[in-house]
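We name chains A, B, ... by the order of the sequence lines, and we start the count at 1 in each one.
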Amino acid sequence: MKTSQILISTQKEAPNDAQIISHQLMIRAGLVSKLASGLYSYLPMGLRVLQKVEKIIREEMNKSGAQEVLMPVAQPAELWQESGRWDEYGAELLRFSDRHGREFCLGPTHEEVITHLAAQYLRSYKQLPMNFYQIQTKFRDEIRPRFGVMRSREFIMKDAYSFHLDANSMQAEFDKMHATYCAIFTRLGLDYRPVLADSGSIGGENSIEFHVLSESGEDAICFSDNSNYAANIEKVAFSKQACIDTPSAIEEKVPTKKKTSIEEVAQFLHIKEADCVKTLIVKTKNSFKALALRGDHELNEIKVQNLFGEFEFASDEEIKSLNLKKGFIGVKELTIDLIVDYSASVLCDFVCGANEWDYHLVGVNWNGIEFVEADLRNAVEGDASPDGKGKLVVRRGIEVGHIFQLGDKYTKAMNANVIGESGKAVTTLMGCYGIGVTRVIAAAIEQNYDDRGIIFPASIAPFQLVIVPINYNKSTRVKALADELYQQCLDAGIEVLLDDRKERAGIMFAESELLGVPHRLVLSDTHADNGNVEYKARNNPEKIEVRFDDALSFMQSKIR
RNA sequence: CGGGGCGUAGCGCAGUCUGGUAGCGCACCACACUGGGGGUGUGGUGGUCACAGGUUCAAAUCCUGUCGUCCCGACCA
């Protein structure tokens, strides 16, 4: 293609609302255009990238034996009522009525529709297992869309759903999808990790997320430095530890005027935050609970939720009504249940609030205090790996894929049965497997850029090669060479972009680099004289001269 | 939904405090020069100052309300 035939709309400055690199670069390179909060148009250059990602996913899914289908975006409320999610899903589900007053929603996911299809068309165990997938637009009315296409309201997802007669078959497909996802993300050129995950509200036991490693990721993920263990931070489970130290101090009340945070108290008393215990008050469905953590640890809200169900932090007024002094709450003489994190319950001679304004207790020990122990905290760098091998390293990740074993959650509710070998109806089991297609693009950019712009992995770049002729419109010799080379590349099936505009060299260089085209050939009058062309790779500052006659085979060797 | 910020040309911003002709840079158009790293010059195009009320002789500027948008927290591919 020639640049004069495709919309190229680059900007030097990114809009103010683009906060992260991928968003800024996607706007600056003219890949996407914002229509409204969380809604983006894909411009021609961006669509090329999107279609390349889709192609790779489609090829690997097909290779795995999955079958492509396409389901509607608009879905009738009855299906969601049948599964129970019409009431459960909340405001993220965009609902609307048609002209007859019938209720619908825009599909945020498609378990209901596919299960309905399975109930209709899967009749016999002999048909199983089967895996259906689609690449399609989803709509989730996110509370806070952000980061461009990373968290948008309308986005494209590859979602797959498999149906099975038994758990072994479901597990086998899960493993197959695991391998397929690895193949996909490898082909996409991403540095990714599969990690253990909490399956959240979707349900099921076994769940693995695929994360692209990036500082801008919204999730924290933990790895062992000495084994294959990897998990989302919210999933890292700790068990009860053995006590190492023995109590030796005598408890004492010390004045800590206005030192309300752990950091201030630790500094003031010249002790480590890890030698303090902080006490948080939460409100569960029908009672208040005090949660005690080591000073340097953070509460894991998912773990709390798994213990007590929905909860929220107590308000200042509620804390006051419990006769507690915010900033100076301790673990002694509490009138509500006390739950102590495993790593706090093994502390000796620690510091905590005195339940009295401007006082803390030092040299506190647990004997005589009534409490239960639980796993309440997030992992931190340096924790022992739960598999017993090595220590945990914490990194940021962008979730680009997630695979689940749903079991019979939907198939039971929606009566997706087959006739089994025995002649009786059997509820099928279900797996589900998602990839955020549009998010993959943003993630790829987060991982591959420099101060000049995007450095696309070759597999998803909008073009493989750009030919930059200098003085194309003035030098007939340059034009002839450039046109010849361009035609050779086209004939050889290379996705080549010829910059035929009447622009200065600097602009052509800057734009192709911003766009992240992996390979570049430059032609000038000098080259017309010496029979060479100049080659440069986007990810390497080195420029090399190649014989014009060898240019095509040289490029073929680079691109294959 | 709670807390905070911002809405002036396609993008980045000044002007708002202290009311008095709507401005700058980039981009875009024309011409000339230039021609291997977003070049230079001259001349242009483009704005109901988010919207609606109010105060005033006069409102981008002051007041009230609404909407949009972004950031920080709880959900997710």
Side-chain angles (χ1 to χ4, degrees), chain A residues 9-20 23-24 27-28 30 33-39 53 57 88-93 108-110 135-160 181 197-202 209-212 218-219 232 234 299 301-302 304-305 310-313 315 397-404 432-443 452-453 468-475 478 502-514 520 522-527 534 536 543:
Chain A
S9 171
T10 62
Q11 288 169 211
K12 277 191 213 172
E13 287 178 290
N16 201 11
D17 56 16
Q19 296 292 317
I20 61 167
H23 188 194
Q24 292 171 355
I27 298 284
R28 283 190 53 211
S33 173
K34 187 171 88 167
L35 178 63
S37 178
L39 302 176
V53 175
I57 293 173
E88 280 171 22
Y89 215 94
E92 213 170 284
L93 187 65
T109 175
H110 280 68
I135 296 176
Q136 191 245 23
T137 298
K138 301 280 184 260
F139 192 95
R140 294 183 189 175
D141 199 359
E142 293 277 351
I143 296 168
R144 186 151 86 83
R146 63 191 129 164
F147 303 149
V149 302
M150 191 82 87
R151 177 173 299 282
S152 51
R153 289 193 289 178
E154 186 173 309
F155 61 100
I156 296 175
M157 178 167 160
K158 187 286 299 176
D159 47 328
Y181 274 36
D198 193 275
S199 49
S201 56
I202 296 188
E209 291 172 348
F210 289 78
H211 281 264
V212 166
E218 292 186 82
D219 290 282
N232 193 307
E234 59 196 36
L299 188 70
E301 299 186 24
I302 288 186
V304 177
Q305 207 161 317
E310 292 292 323
F311 79 99
E312 55 188 46
F313 287 100
S315 67
I398 300 167
E399 186 187 352
V400 291
H402 201 160
I403 57 179
F404 299 89
C432 105
Y433 321 92
I435 293 179
V437 179
T438 38
R439 183 181 280 183
V440 159
I441 299 171
R452 293 179 179 183
V468 179
I470 292 166
N471 281 329
Y472 184 80
N473 286 282
K474 276 200 177 163
S475 167
V478 167
K502 199 177 170 179
E503 290 290 358
R504 297 170 59 84
I507 290 178
M508 296 191 282
F509 292 155
E511 292 198 336
S512 64
E513 283 166 343
L514 177 57
R520 180 180 85 192
V522 181
L523 277 162
S524 69
D525 272 316
T526 319
H527 296 118
E534 174 194 292
K536 183 184 172 303
K543 298 170 184 171

hbond_proxy A:R151 side chain to B:C76 base (donor-acceptor, 3.5 Å cutoff): yes
Using a heavy-atom cut-off of 4.0 Å across all strands, would you classify [X] as base, sugar-phosphate, or nothing?
X      : answer
A:S512 : nothing
A:E209 : nothing
A:I398 : nothing
A:A14  : sugar-phosphate
A:D141 : nothing
A:R153 : nothing

Which nucleotide in the list [options] gets nearest to the side chain of [X]?
X      : options             : result
A:A36  : B:A77, B:C70, B:U69 : B:U69
A:K34  : B:G38, B:C76, B:U69 : B:U69
A:R146 : B:G12, B:C72, B:A77 : B:C72
A:S37  : B:A77, B:U69, B:G37 : B:U69

Can I get a per-line list of side-chain donor-acceptor pairs under 3.5 Å for residues 139-150 of chain A, giving both atom names and the distance, sequence neighbours left out?
{"from": "A:R140", "atom 1": "NE", "to": "A:P108", "atom 2": "O", "distance (Å)": "2.9"}
{"from": "A:R140", "atom 1": "NH2", "to": "A:P108", "atom 2": "O", "distance (Å)": "2.7"}
{"from": "A:D141", "atom 1": "OD1", "to": "A:R153", "atom 2": "NH1", "distance (Å)": "3.3"}
{"from": "A:E142", "atom 1": "OE1", "to": "A:R151", "atom 2": "NH1", "distance (Å)": "3.4"}
{"from": "A:E142", "atom 1": "OE2", "to": "A:R151", "atom 2": "NH1", "distance (Å)": "3.3"}

For [N], the Watson-Crick or wobble partner whose two distances fall under 3.5 Å:
N     : result
B:C67 : B:G7
B:C24 : B:G12
B:C62 : B:G54
B:U48 : none
B:G41 : B:C31
B:C1  : B:G73

Contact summary for A:V478 and A:D525, nearest pair of heavy atoms: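 Nearest heavy atoms, A:V478 then A:D525: CG2-N, 3.5 Å.
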Polar atom pairs between nucleotides 2-6 of chain B and protein, under 3.5 Å, N or O only, would you list them?
none

Residue list, salt bridge (charged side-chain N to carboxylate O under 4.0 Å, His left out) with [X], at least two apart or on another chain:
X      : answer
A:K34  : A:D17
A:D219 : none
A:E534 : A:R520
A:E511 : A:R501

Whole-Å C1' distance, B:G68 and B:C51: 10 Å
Partners meeting side-chain contact (heavy atoms from CB on, under 4.5 Å) with A:S152 (sequence neighbours left out):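 Testing A:S152 for side-chain contact (heavy atoms from CB on, under 4.5 Å), a comparison that skips the adjacent residues, returns A:Y40, A:F155.
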A:Y181 side-chain N/O to A:I403 backbone N/O, donor-acceptor pair under 3.5 Å: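 A pair under 3.5 Å: no.
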Residues in side-chain hydrogen bond (donor to acceptor under 3.5 Å, both in side chains) contact with A:Q305, at least two apart in sequence or another chain: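 If we apply the side-chain hydrogen bond (donor to acceptor under 3.5 Å, both in side chains) test to A:Q305, skipping adjacent residues, the hits are A:E310.
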Summary of protein contacts for nucleotides 23-36 of chain B, nucleotide by nucleotide, where a base hit scores B, a sugar-phosphate-only hit scores S (4.0 Å, heavy atoms): --BS-------BBB
Contact nearer the 5' end of RNA chain B, comparing A:E511 with A:R439: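 So the residue in question is A:E511.
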